[in-house]
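Sequence positions, counted from 1, serve as the residue numbers for this chain. Just so you know, these numbers come straight off a predicted model, no measurement behind them.
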Amino acid sequence: MLSNFILLLFGLGIILVAAEFFTNGIEAFGRHFSFSQAVVGSIFAAVGTALPETILPVVAIFMYGGASAKEIGVGAILGAPFMLSTLAFFLVGLTVSVAAIRKKRVFALNAEAHSIKRDLLFFVAMYSLAIIMPLLFEGRFRVFISCMLVAGYVLYAYMTFRGESADLEHSEGMYAWRLLSRMTGKQSLKPPSLFLILCQILAALLVMIKGAQTFVQSLEQISLKFGMDPLLFALLLAPVATELPEKFNSVTWTWKGRDTLALGNITGAMVFQSTFPVSVGLLFTDWRITGMALFSALIAIVSSLTVLGVIAIKKRISPVVVLFGGVLYLIYALVLVFR
């Protein structure tokens with residue numbers, strides 16, 4: 001049992017370190033091509049930080065094809081939007097509150113409301129389609145729904161690239177470039193080459209996949225040892241662990257006042273998580289979403305609709321409404337405990 005816990009933590013550590021390098025490489029890629037804040041936050045950073053929890057269900061479903069492994073995969077797929085729309089939102093609001101108390105910034109979110117609104121509209125539409133349609137039609141039309149989800153993300157990416165957004169703010173240099181400069185003892189003022197950027201991204205991705213394999217195998221064994229439902233265990237544990245990159249990046253960006261990147265990282269990841277991973281679940285698992293799993297999906301939708309409602313009324317995003325995500329998570333936890 002102890003060895004399983006050690007392997008679980010080891011796999012998690014690999015995932016998080018690789019995700020940090022991957023995200024750093026993605027940001028360097030965005031700077032290389034002079035992309036806007038919305039594109040870097042909602043597309044590149046979001047996809048980069050979403051890869052750990054995206055790879056996790058894919059590895060569980062395809063490399064560990066047992067029933068419990070597939071339940072872990074479904075739990076991780078559903079857990080990602082749930083955690084992003086509750087705890088991740090809450091951490092942004094909490095960071096604003098703490099920073100305002102310490103006089104680091106004002107108690108307000110200066111994000112591009114139209115970009116966040118676009119993200120949330122796509123998320124609500126596509127996630128609702130993936131959850132409600134299979135229930136209404138008893139699992140039929142899954143291939144059609146999957147195609148709709150992928151097409152929806154392509155449309156979303158196109159609209160994000162074409163939409164208005166401010167230029168990307170200055171951020172830290174690329175890790176591989178800084179490491180190479182220290183090893184050679186030469187500090188170059190030139191930006192890193194595209195080849196080096198792509199090498200860092202690819203290497204981080206390969207390491208992340210290996211970490212996900214170790215994590216899934218250990219998670220399955222521990223859940224069975226304790227006699228816990230693998231789906232619920234994965235729904236609560238795996239997303240909290242694998243979404244640390246989104247949470248860490250968003251907290252850092254919020255503290256520095258880069259709110260569009262902070263919230264775009266979260267909402268962009270929500271859009272991505274509601275399309276490609278969900279399509280994998282629809283096509284390669286039973287995709288029977290009931291009980292607490294269904295409740296988590298409904299909470300994610302309610303949280304998103306709440307933020308959308310505030311944007312529609314106030315034309316901006318209030319720190320209070322993202323703090324409400326913590327209340328929704330607490331409600332879910334209490335229902336789970338009393339159930």
Would you find a donor on one side and an acceptor on the other, under 3.5 Å apart, between the side chain of S303 and the backbone of S85?
yes
Show which residues join F10 in its hydrophobic cluster (side-chain heavy-atom contacts under 4.5 Å, direct or indirect), or state none.
I14, V207
What's the spacing between L308 CG and I301 CD1 if we round to 0.5 Å?
12.0 Å
Check against side-chain contact (heavy atoms from CB on, under 4.5 Å), V74 and I289:
CA-CA 9 Å; V74 173; I289 310 303; 3.9 Å; yes
For D286, does its backbone N or O pair with a side-chain atom of R142 as donor and acceptor, under 3.5 Å?
yes
How long is the span from the CD1 atom in I116 to the OG atom in S304, to the nearest 0.5 Å?
11.5 Å
Identify the two heavy atoms, one from F29 and one from I201, that lie closest to each other, and give their separation to 0.1 Å.
CB-CD1, 4.4 Å
Test of ring centre spacing under 6.0 Å for Y156 and F272
no
Hydrophobic clusters here meaning ILVMFWY residues chained together by side-chain heavy-atom distances under 4.5 Å, can you tell me if L9 and L7 are in one?
no
Following the transitive rule for hydrophobic clusters with a side-chain heavy-atom cut-off under 4.5 Å over Ile, Leu, Val, Met, Phe, Trp and Tyr, establish whether L206 and V17 coincide in one cluster.
no
From OH (Y127) to CE (M270), nearest 0.5 Å
9.5 Å
Enclosure of M148 CE (heavy-atom neighbours >12, cutoff 6.0 Å)
no
What distance separates T260 OG1 from H114 NE2, expressed to the nearest 0.5 Å?
8.0 Å
Any chance you could measure M126, atom CE, to L121, atom CG, to the nearest 0.5 Å?
10.0 Å
What distance do D119 atom CG and T160 atom OG1 have between them, rounded to the nearest 0.5 Å?
6.0 Å
Test item: L109 and R316 side chains (from C-beta on) under 4.5 Å apart, heavy atoms:
no
Side chains of V150 and T275: closer than 4.5 Å at any heavy-atom pair?
no
Which pair of non-hydrogen atoms, one from M174 and one from P192, has the smallest distance, and what is that distance?
CE-CB, 4.1 Å
Hydrophobic clusters here meaning ILVMFWY residues chained together by side-chain heavy-atom distances under 4.5 Å, can you tell me if F276 and V154 are in one?
no
Centres of the Y332 and Y329 rings: under 6.0 Å?
no
Indicate the atoms forming the closest heavy-atom contact of S250 with V92, along with that distance.
CB-CG2, 4.0 Å
Closest heavy-atom pair and its distance - F90, L323:
CD1-O, 3.4 Å
Do the non-hydrogen side-chain atoms of T267 and V307 ever get within less than 4.5 Å of each other?
no
Hey, are the side chains of R105 and D259 touching, using non-hydrogen atoms and a 4.5 Å cut-off?
yes
Find out if a path of hydrophobic residues (ILVMFWY) with successive side-chain heavy-atom gaps under 4.5 Å connects I131 to L136.
yes
Taking Q273 for the side chain and A80 for the main chain, is one N or O donor matched with an acceptor at less than 3.5 Å?
no
Would F82 and L328 count as a side-chain contact (heavy atoms from CB on, under 4.5 Å) here? Give the steps.
CA-CA 10 Å; F82 169 64; L328 292 175; over 6 Å; no
Evaluate side-chain contact (heavy atoms from CB on, under 4.5 Å) for Y153 paired with I43, printing each intermediate quantity in order.
CA-CA 10 Å; Y153 189 81; I43 300 293; 4.0 Å; yes
Looking only at non-hydrogen atoms, find the nearest pair between V310 and V321 and report the distance.
CG2-CG2, 3.5 Å
Any side-chain to backbone donor/acceptor pair from S296 onto A293? Under 3.5 Å, distance only.
yes
If you look at every heavy atom in I77 and W287, which pair is closest and at what distance?
CG2-CH2, 3.9 Å
Trace of the side-chain contact (heavy atoms from CB on, under 4.5 Å) decision for F324 with F89:
CA-CA 8 Å; F324 180 65; F89 273 170; over 6 Å; no
Cluster link F144 to V280, ILVMFWY, side chain under 4.5 Å
yes
